[in-house]
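Throughout, a chain's letter reflects where its sequence line sits, starting with A, and its residues are numbered from 1. Computed from a predicted model, the values in this text were never measured in an experiment.
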2 protein chains.
Amino acid sequence: MATIGDVAREAGVSRSTASYALSGKRPISEEVRERVLAAAAALAYTPNAGALALATSRTKVLGLLAQFHEDEFAPAMMQYILGVTDTARDLGYDTLLVTEADGARALQRITDSRMVDGVVLMNIAQDDLRLPILRAAPQPGALVGLPGDCAGLDVFDLDFEEAGRVMVDHLHRLGHRELILISQPEHVVERGGAYVWRLRDAALERARQRGVTLHAVYGESRQPAVGRLLNGLFDAHPSATGLLINNEAAAAALPSVTYQRGLRVPDDLSVIGRYSAEFAATFSLSYSFIESAPDRLGSMAVRQLVRRVESPAARNEPFVVRFISPELVSLESTAPPRPTAP
Amino acid sequence: MATIGDVAREAGVSRSTASYALSGKRPISEEVRERVLAAAAALAYTPNAGALALATSRTKVLGLLAQFHEDEFAPAMMQYILGVTDTARDLGYDTLLVTEADGARALQRITDSRMVDGVVLMNIAQDDLRLPILRAAPQPGALVGLPGDCAGLDVFDLDFEEAGRVMVDHLHRLGHRELILISQPEHVVERGGAYVWRLRDAALERARQRGVTLHAVYGESRQPAVGRLLNGLFDAHPSATGLLINNEAAAAALPSVTYQRGLRVPDDLSVIGRYSAEFAATFSLSYSFIESAPDRLGSMAVRQLVRRVESPAARNEPFVVRFISPELVSLESTAPPRPTAP
DNA sequence: CTCCTGCGTCGAACCGGTTCGACGATTGTG
DNA sequence: CACAATCGTCGAACCGGTTCGACGCAGGAG
């Protein structure tokens with residue numbers, strides 16, 4: 001491969017002149033600049049990334065730490081990842097995808113070795129072990145997901161509290177008085193998945209205020225367990241007329257359960273989910289849902305991260321915690337409850 | 001951050017001695033080695049990735065080029081990616097995930113700049129524009145998917161021809177004489193997705209040999225189009241008793257269609273799919289299927305790639321084209337056809 | 001006509017590692 | 001006891017860029 005030395009020789013100038021001609025950081029005569037550009041083109045010159053990183057302390061690579069737990073729903077992850085990689089590329093960055101189980105060690109490795117200019121963390125836990133490492137790292141970081149302590153970090157997440165309230169309000173307004181909320185599996189909570197209880201507690205609180213009965217249960221992440229669970233819930237609460245779903249696997253499994261039981265949506269049962277439009281399309285779900293906007297969240301995190309990476313001023317700006325407002329996409333899966341219990 | 005110079009000073013030796021003590025590439029006295037290791041630990045020394053890359057011409061990073069077309073089924077992709085990232089990490093490599101639409105340009109960029117030691121290509125087209133670039137690149141590459149011309153490349157793929165034959169044979173043996181095969185959408189074929197016609201043509205040929213009628217159609221990748229298509233197919237071929245599915249979206253949509261039409265599987269209809277076990281679990285599919293083994297394919301590609309990267313000898317070995325044999329996972333969704341047409 | 005200014009270019013140093021050749025001290029051999 | 005081989009360490013060069021300071025030369029001002 002051609003080095004900048006080769007280009008300089010070909011153009012008959014010094015290495016530094018070639019560098020300045022290519023970067024434009026110092027005035028160079030039109031004639032020399034053209035010779036250098038021509039030489040670079042002729043030799044198909046591309047700067048060596050390692051040398052560039054060494055000289056500039058910039059790698060033009062962002063780290064993306066995602067964790068895949070056995071019991072989590074992998075397909076939903078893809079959209080967050082694409083939101084990050086696509087936005088990063090638009091801004092001139094490549095993305096190092098790290099899926100190592102030991103996220104803390106992985107983060108330590110990629111920040112210490114200076115492979116990346118910044119890091120996006122996903123699957124944030126309430127008390128995430130990666131956060132102290134990120135705070136101590138020389139590179140800035142951004143989180144998709146809300147941890148217990150946001151100090152020193154830029155955080156982006158859906159407003160799950162508001163999502164819970166919107167769900168309850170929507171069905172309450174239609175006249176429903178007994179609802180079921182199915183959340184993520186309990187081990188997601190044990191692992192510190194705060195969004196589960198953020199939505200649930202807000203929904204419970206709002207239901208209490210409105211005088212609505214809300215049965216809140218943990219779900220499962222797999223078939224056939226989640227199908228059995230749904231059936232059990234319908235058996236246990238025959239007078240419930242509305243179902244709130246904060247659990248992708250349950251949403252995906254619901255159609256076959258309602259078919260089997262002869263339940264009609266929305267005639268017999270009103271349903272509201274919480275997932276992305278992409279997810280709904282993929283799983284052919286025609287329930288009204290709260291858009292979780294994974295691509296937007298990924299994109300916002302990257303934009304803020306790159307701002308901090310590139311501008312020394314931005315580095316000292318106060319940290320932001322930004323929530324996306326839940327948007328209810330109506331697909332006509334909700335209606336007033338039937339006058340008599342089903 | 002601490003550099004190796006800092007470690008050397010702390011240990012009271014020269015930089016080169018510190019380097020040798022850490023790498024073990026030259027004999028170093030036990031006493032000095034211990035002083036160096038202690039200093040490195042005390043200073044939390046981690047080599048700078050850029051400097052390492054510059055000095056050794058190795059980055060310990062692999063590129064992973066995946067393309068996400070609007071009309072493709074993103075969730076299936078995740079498992080290929082995890083197969084690659086997990087195996088790469090086991091072998092000591094990180095993964096640069098590139099999802100740029102212009103794959104050829106992206107490949108050119110990451111190979112020319114020497115950011116990666118090798119590349120895994122996914123979503124291979126019959127006449128893939130990235131292949132000439134990969135062949136000309138200084139780094140080795142591996143493909144997941146079979147292109148028209150495998151010269152100079154290591155290729156890994158499912159044996160789609162055999163998959164088509166296995167599907168047909170299995171239903172023929174049970175007594176079925178009229179089958180429907182739903183493939184990927186036509187634009188996947190136009191884009192050069194060879195696996196579509198590899199499975200289809202082999203199935204058609206085998207059906208001809210066996211005296212079985214096989215209706216082969218292109219599918220859709222989205223709801224509700226794919227559901228409509230399935231309904232149309234059942235209307236058009238009422239006497240077909242078996243369904244072969246080489247289309248993730250169609251498999252995901254099938255349960256609701258069969259429920260709606262009152263079709264029972266396998267009583268009224270025998271079904272065989274082609275996807276991964278992970279996919280089946282995610283979508284609660286209980287059809288027998290041919291395992292497409294995305295994680296195994298990703299893993300195999302990485303192992304071969306790393307062999308070539310690390311061993312100068314392996315670099316000159318002949319290139320391999322390796323097919324995974326289709327394995328039929330039986331979930332009891334096939335049975336002999338009913339004596340009278342449904 | 002001289003002096004100053006500033007443009008365009010060059011040489012050298014630096015980023016942080018690895019690695020080659022050399023060299024002094026120790027040990028073994030004849 | 002002299003000499004060679006080996007061990008352990010050091011200094012210097014190199015990988016391929018960027019960037020700082022200096023310098024020659026042209027043009028404008030005094």
Subject >> Rounded (10°) bend between the five-pair end axes of the helix from C:dC1-D:dG30 to C:dG30-D:dC1 >> reply: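 The end-segment axes of the helix from C:dC1-D:dG30 to C:dG30-D:dC1 are tilted 60° relative to each other.
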Please list, chain by chain and in numerical order, all residues satisfying side chain to side chain contact (heavy atoms under 4.5 Å, CB included) with [X], sequence neighbours excluded.
X	result
B:E10	B:A39, B:L43
B:E100	A:R89, B:V98, B:R105, B:A106, B:R109
A:A101	none
A:P47	A:Y45, A:L52

**OP:** Assess whether one donor atom and one acceptor atom, taken from the side chain of A:Y20 and the base of C:dC7, lie less than 3.5 Å apart.
**Re:** no
Of all pairs that satisfy salt bridge (charged side-chain N to carboxylate O under 4.0 Å, His left out), the ones with a partner from [range], not counting sequence neighbours:
range	value
residues 111-129 of chain B	B:D128-B:R130
residues 12-27 of chain A	none
residues 144-154 of chain B	B:R135-B:D149, B:D154-B:R308

Original post:
Taking atom CZ of A:R322 as the centre, does the number of heavy atoms from other residues, nucleotides or ligands within less than 6.0 Å exceed 12?
Top reply: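 Result for CZ/A:R322: open.
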**OP:** Hey, could you give me the CG/CG distance between B:L153 and B:L143, rounded to the nearest 0.5 Å?
**Re:**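 Going from the CG atom of B:L153 to the CG atom of B:L143 covers 5.5 Å.
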Do any side-chain nitrogens or oxygens of [X] fall under 4.0 Å of OP1 or OP2 in [N]?
X	N	answer
A:S19	D:dT18	yes
B:T17	D:dC10	yes
A:S14	C:dC10	yes

**OP:** Identify the two heavy atoms, one from B:I4 and one from B:L22, that lie closest to each other, and give their separation to 0.1 Å.
**Re:** CD1-CD1, 4.2 Å
Subject >> Residue list, ring-ring contact (aromatic ring centres under 6.0 Å, His included) with B:Y195, at least two apart or on another chain >> reply: B:F160
Atom pairs under 3.5 Å: protein N/O with N/O of nucleotides 14-16 of chain C:
none

Original post:
Listed in order of residue number, which residues of residues 21-38 of chain A have a non-hydrogen atom at under 4.0 Å from DNA chain C?
Top reply: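 Only A:R26, A:P27, A:I28, A:S29, A:V32 qualify.
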Return the polar atom pairs (N/O with N/O) between nucleotides 23-29 of chain C and the protein under 3.5 Å, or none.
none

**OP:** May I ask you to check whether A:T3 and A:N48 show a side-chain donor-acceptor distance below 3.5 Å?
**Re:** no
Subject >> Between A:D86 and B:T99, a side-chain donor and acceptor under 3.5 Å >> reply: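 Yes, B:T99 and A:D86 have a side-chain donor paired with an acceptor closer than 3.5 Å.
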